[in-house]
Amino acid sequence: ARFPGGGAAAAAPMPARALVEQLLRKTAALRFSGQDSADASPAKGAEGGVNFVHGVILDRLLGGSQQHHILEELLDGNATDMEGFLRSRCATNPLAGEMLWKHYLGRGRPLEASAILLHLAERSDKEVGLLQRVHSLDLARQVASRALPRSKDLVEKLSAKLDIAIRVQVPLHHELQLLAADERGTARWR
């Protein structure tokens, strides 16, 4: 079919994953002064195993909730180092850590998944509350227990941390919330 003006009809739209993979492959060799290390191979750059352009593309996908499925699909491909990218973003983006630990667990790598969950539980982030941290710590323990007996020491360490959190930190947090909500005590502490 032809459009007015002589152009041919557009082909069927390319699936999002294929489009992004094609973009990543075509931009793999691009280098920017001061953004990519000069000695990095074309597929690997300075930050988290991806070059600057790939970082921009993947950050955009990570920041848009409707594109998260594309990142998850890219983890199965080889267009760029998705694991390296997500590892480099764990400190600033909890979603990167969540995607990564689930990927590791799905690939039969429970110790690596547990390490990411522990990192999520211990990272300094004011947006993540104590209960979410305790939940991440509990998940880390559960996931590490899938690698028993070789993970025995790690499971014991995580169990001890979880026990302290549940017996000390959570009740203390609850008491502090009660004190903060009490107007009589609030006036006295100001």
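Hydrogens, waters and symmetry mates are skipped; everything else that's a heavy atom, side chains included, is used. Residue numbers start at 1 and run along the sequence shown.
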Reported [atom1]-to-[atom2] distance for the pair [X] and [Y], which is rounded to 0.5 angstrom:
X      : Y      : atom1 : atom2 : result
Leu100 : Leu95  : CG    : CG    : 11.0 Å
Thr27  : Asn51  : OG1   : CG    : 6.0 Å
Leu139 : Leu120 : CG    : CG    : 10.0 Å
Leu179 : Leu172 : CG    : CG    : 9.5 Å
Leu58  : Thr80  : CG    : OG1   : 6.0 Å

(message) Run Gln67 and Val20 through side-chain contact (heavy atoms from CB on, under 4.5 Å) and show every step you take.
(response) CA-CA 11 Å; Gln67 289 92 20; Val20 172; over 6 Å; no
Just wondering, do [Y] and [X] contact through their side chains at under 4.5 Å, heavy atoms?
X      : Y      : result
Phe52  : Val56  : yes
Leu111 : Arg150 : yes
His69  : Leu71  : no

(request) Not counting sequence neighbours, list each pair that qualifies as a side-chain hydrogen bond (donor to acceptor under 3.5 Å, both in side chains) and has a residue in residues 125-135. (result) Arg123-Asp125
(request) Among residues two or more places apart or on two chains, list those pairs meeting side-chain hydrogen bond (donor to acceptor under 3.5 Å, both in side chains) that have a residue in residues 167-177. (result) Asp163-Arg167
Among all residues two or more places apart in sequence or in another chain, which pass the side-chain contact (heavy atoms from CB on, under 4.5 Å) test with [X]?
X      : value
Glu112 : Tyr104, Arg109
Lys26  : Gln22
Ala121 : Ser136, Leu137

Taking a hydrophobic cluster as the set of Ile, Leu, Val, Met, Phe, Trp and Tyr residues connected by side-chain heavy atoms closer than 4.5 Å, whether directly or through intermediates, do [X] and [Y] fall within one such cluster?
X      : Y      : value
Val128 : Leu130 : no
Leu86  : Leu105 : yes
Ile166 : Leu118 : yes

(request) Over all heavy atoms of both residues, which pair between Phe85 and Gly55 is shortest? Give the atoms and the distance, please. (result)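 For Phe85 versus Gly55, the nearest heavy atoms are CE1-O, 4.1 Å.
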(message) Around atom CZ of Arg25, are there more than 12 heavy atoms from other residues, nucleotides or ligands closer than 6.0 Å?
(response)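 Atom CZ in Arg25 is crowded, with more than 12 foreign heavy atoms closer than 6.0 Å.
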N/O donor-acceptor pairs under 3.5 Å from side chains in residues 142-149, not counting sequence neighbours:
residue: Gln142; atom: NE2; partner: Asp138; partner atom: OD2; Å: 2.9
residue: Ser145; atom: OG; partner: Gln142; partner atom: O; Å: 2.5

(request) List in chain and number order the residues that pass side-chain hydrogen bond (donor to acceptor under 3.5 Å, both in side chains) with His119, two or more places apart in sequence or in another chain; answer none if no residue qualifies. (result)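 For His119 there are no side-chain hydrogen bond (donor to acceptor under 3.5 Å, both in side chains) partners, ignoring immediate neighbours.
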(request) Start with the C-alpha distance between Leu24 and Leu74, add both sets of side-chain angles, then the distance that settles side-chain contact (heavy atoms from CB on, under 4.5 Å), and finish with yes or no. (result) CA-CA 10 Å; Leu24 292 172; Leu74 288 172; 4.3 Å; yes
(request) Check the pair Asn78, Glu21 against side-chain contact (heavy atoms from CB on, under 4.5 Å), reporting the backbone distance first and the verdict last. (result) CA-CA 9 Å; Asn78 60 0; Glu21 283 179 331; 5.8 Å; no
Listing, residues 153-162 side-chain donor-acceptor contacts under 3.5 Å, not counting sequence neighbours, or none:
residue: Glu156; atom: OE2; partner: Lys152; partner atom: NZ; Å: 3.2
residue: Ser159; atom: OG; partner: Val155; partner atom: O; Å: 2.8
residue: Lys161; atom: NZ; partner: Glu122; partner atom: OE2; Å: 2.4

(message) Tell me which pairs pass salt bridge (charged side-chain N to carboxylate O under 4.0 Å, His left out) where either residue lies in residues 94-105, with sequence neighbours left out.
(response) Glu98-Lys102
(message) Using only atom types and a distance under 3.5 Å, with no angle test, would you say the side chain of His68 pairs donor to acceptor with the backbone of Leu62?
(response)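 Yes; judged by distance alone, with no hydrogens or angles, the pair exists.
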